[in-house]
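Some notes on the structure that comes next.
Here is how names work: the chains are called A, B, and so on, in the same order as the sequence lines, proteins then strands, and each is numbered from 1.
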Number of protein chains: 2
Amino acid sequence: MTDPERLDATELGAFFALMEVSSLVQHAVDQQLRTDGGLTNVQFKVLMTLREAPGGRLRMTDLADDLVVSRSGLTYQAGLLEKAGLVVRTPSPEDERSTTLSLTAEGRQRIEDVLSGHIGVVRRLLIDPLSRREITALGEALTKVRDHLRADPPRSAAPRARRRNP
Amino acid sequence: MTDPERLDATELGAFFALMEVSSLVQHAVDQQLRTDGGLTNVQFKVLMTLREAPGGRLRMTDLADDLVVSRSGLTYQAGLLEKAGLVVRTPSPEDERSTTLSLTAEGRQRIEDVLSGHIGVVRRLLIDPLSRREITALGEALTKVRDHLRADPPRSAAPRARRRNP
DNA sequence: TATTGTTATACTCTATAACTATA
DNA sequence: TATAGTTATAGAGTATAACAATA
């Protein structure tokens with residue numbers, strides 16, 4: 001199609017706008033999570049992932065894979081969250097090697113405390129400035145890109161080989 | 001308009017797609033910069049900002065403001081870049097307190113070495129999957145959001161008060 | 001032997017505060 | 001007094017490798 005080593009003004013504009021907007025939104029969200037719930041973004045993701053999981057619990061390794069972090073990194077974050085009472089670590093009955101990380105009632109409450117502000121930030125910064133039409137167009141374009149990225153993951157984003165009980 | 005504490009499926013989809021796409025693209029770009037030029041994203045930004053500046057040079061403080069980092073943080077990065085020969089620090093003649101950071105020939109070359117791969121990644125991941133129409137729509141929506149974000153900066157993203165020689 | 005999770009450790013990056021030198 | 005830049009220092013977070021327990 002076009003020269004692969006060049007981007008025209010429209011293409012470059014879309015790229016720069018994407019990076020700037022996501023960075024500003026991310027920054028605002030980080031701040032909101034910290035202010036409203038004393039959570040970092042990673043910690044929020046841990047809690048949200050647990051909440052989505054059946055029973056609000058996941059094995060450490062599976063969770064680490066979901067979040068694409070090292071197991072030792074997750075151990076560190078789980079320690080912080082457990083100390084805060086938002087999560088508990090319990091040995092798994094079926095496999096004594098495993099640890100199950102479970103959301104506590106406090107953890108669920110913390111998500112509640114934070115979620116409406118979270119949504120508020122997103123709405124105010126990203127949604128409100130756009131017409132319905134533009135939101136749809138934005139979502140469709142980005143979803144298309146995401147599907148391509150997932151189909152052909154850029155090396156480092158590739159999910160780890162998932163070892164399931166054989 | 002709508003309930004500020006809720007986002008419908010379309011709105012939520014746009015938000016999630018934005019965060020996932022930007023994160024994957026950022027990750028791919030980081031890797032490309034590291035592989036092709038041994039540069040982190042911050043270092044690349046330093047070099048690019050210098051290249052855009054008249055004479056390829058900027059005062060440390062001005063550069064720190066541009067990049068929204070602390071001066072000590074920039075000192076650290078400037079040290080790395082200088083050790084790599086991509087940049088030189090020279091005392092300013094007009095104001096003996098100031099240090100001017102300048103791009104070296106090597107620094108310019110390094111940008112060249114990295115830039116086509118950089119553009120290639122962006123094209124391959126973000127541009128190629130989209131039609132021309134979609135690229136335009138994406139850029140327009142994001143530009144609109146960006147303009148709003150800049151007009152009403154989310155606290156922490158506010159540019160610092162710029163002290164100019166009074 | 002392989003896997004789970006933790007620990008010990010090292011490294012990168014960032015920022016705050018103290019400091020030096022100019023203005 | 002105020003500003004420019006560096007340095008000393010500390011803190012957060014990440015990962016790799018070694019380890020203990022279990023499969």
What's the [atom1]-[atom2] distance between [X] and [N], to the nearest Å?
X: B:Asp30; N: D:dT14; atom1: CG; atom2: P; value: 15 Å
X: A:Leu67; N: D:dA15; atom1: CG; atom2: P; value: 11 Å
X: A:Asp65; N: D:dA15; atom1: CG; atom2: P; value: 12 Å
X: B:Met60; N: D:dT7; atom1: CE; atom2: P; value: 10 Å
X: B:Lys83; N: C:dT12; atom1: NZ; atom2: C1'; value: 13 Å
X: B:Leu74; N: D:dT6; atom1: CG; atom2: C1'; value: 11 Å
X: A:Glu96; N: D:dA20; atom1: CD; atom2: P; value: 19 Å
X: B:Glu94; N: D:dA4; atom1: CD; atom2: P; value: 13 Å

Dump every N/O contact between nucleotides 16-21 of chain C and the protein below 3.5 Å, one line per pair.
from	atom 1	to	atom 2	distance (Å)
C:dT16	O4	B:Ser72	OG	2.8

Legend entry - Phosphate OP1/OP2 of D:dA12: any A:Gln77 side-chain N/O under 4.0 Å: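 Answer no for this pair, as no side-chain N or O of A:Gln77 is under 4.0 Å from OP1 or OP2.
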Inset, instruction - From the options C:dA15, C:dT4, D:dA4, select the nucleotide whose nearest atom is closest to the side chain of A:Arg59. - result: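 Of C:dA15, C:dT4, D:dA4, C:dT4 is nearest to the side chain of A:Arg59.
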Legend entry - Among C:dA23, D:dG5, D:dT14, the nucleotide that comes nearest once only the side chain of A:Tyr76 is considered: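 My answer, after comparing the listed nucleotides, is D:dT14.
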Legend entry - First encountered from the 5' end of DNA chain D, between A:Pro93 and A:Leu80: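 The residue closer to the strand's 5' end, by nearest nucleotide, is A:Leu80.
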Legend entry - Reported CZ-to-OG1 distance for the pair A:Arg71 and A:Thr99, which is rounded to 0.5 angstrom: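 If we round to the nearest 0.5 Å, A:Arg71:CZ and A:Thr99:OG1 are 11.5 Å apart.
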Legend entry - Point-to-point distance, once rounded to the nearest 0.5 Å, from CG of A:Leu103 to CE of A:Met48: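 A:Leu103 atom CG to A:Met48 atom CE measures 10.0 Å (nearest 0.5 Å).
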Inset, instruction - Any chance you could pull the hydrophobic cluster mates of A:Val42, using side-chain heavy atoms under 4.5 angstrom and chaining through other members? - result: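 Taking Ile, Leu, Val, Met, Phe, Trp and Tyr as members, A:Val42 stands alone, with no cluster partners.
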Legend entry - Co-members of A:Leu80 in a cluster of I, L, V, M, F, W and Y side chains, linked at under 4.5 Å: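 Traced through the cluster, A:Leu80 reaches A:Tyr76.
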Legend entry - B:Asn41: side-chain hydrogen bond (donor to acceptor under 3.5 Å, both in side chains) partners, not counting sequence neighbours: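 Partners of B:Asn41 under the side-chain hydrogen bond (donor to acceptor under 3.5 Å, both in side chains) test: none.
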Inset, instruction - Would you mind classifying the nucleic acid contact of A:Thr75 as base, sugar-phosphate or nothing, using non-hydrogen atoms under 4.0 angstrom? - result: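 Base, at least one base heavy atom under 4.0 Å.
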Inset, instruction - Please collect all salt bridge (Lys or Arg N to Asp or Glu O under 4.0 Å) contacts where either partner lies in residues 34-48 of chain A, sequence neighbours excluded, each pair once. - result: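 Passing the test, one end in residues 34-48 of chain A: no pairs.
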Inset, instruction - Determine yes or no for a side-chain-to-main-chain donor-acceptor pair under 3.5 angstrom, with A:Gln31 supplying the side chain and A:Ala28 the backbone. - result: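 The answer is no, because no donor-acceptor pair under 3.5 Å joins these two groups.
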Inset, instruction - Could you tell me whether a side-chain N or O of B:Thr35 sits under 3.5 Å from a main-chain N or O of B:Gln32, the two making a donor and an acceptor? - result: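 Looks like no, no N/O pair under 3.5 Å.
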Legend entry - Neighbours of DNA chain C within residues 35-48 of chain A, by heavy-atom distance under 4.0 Å: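 None - not one residue of the stretch has a heavy atom sitting under 4.0 Å from the strand.
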Inset, instruction - State, without any angle test, whether B:Ser92 and B:Thr100 hold a side-chain donor-acceptor pair at a distance under 3.5 Å. - result: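 B:Ser92 vs B:Thr100: donor-acceptor pair found between side chains.
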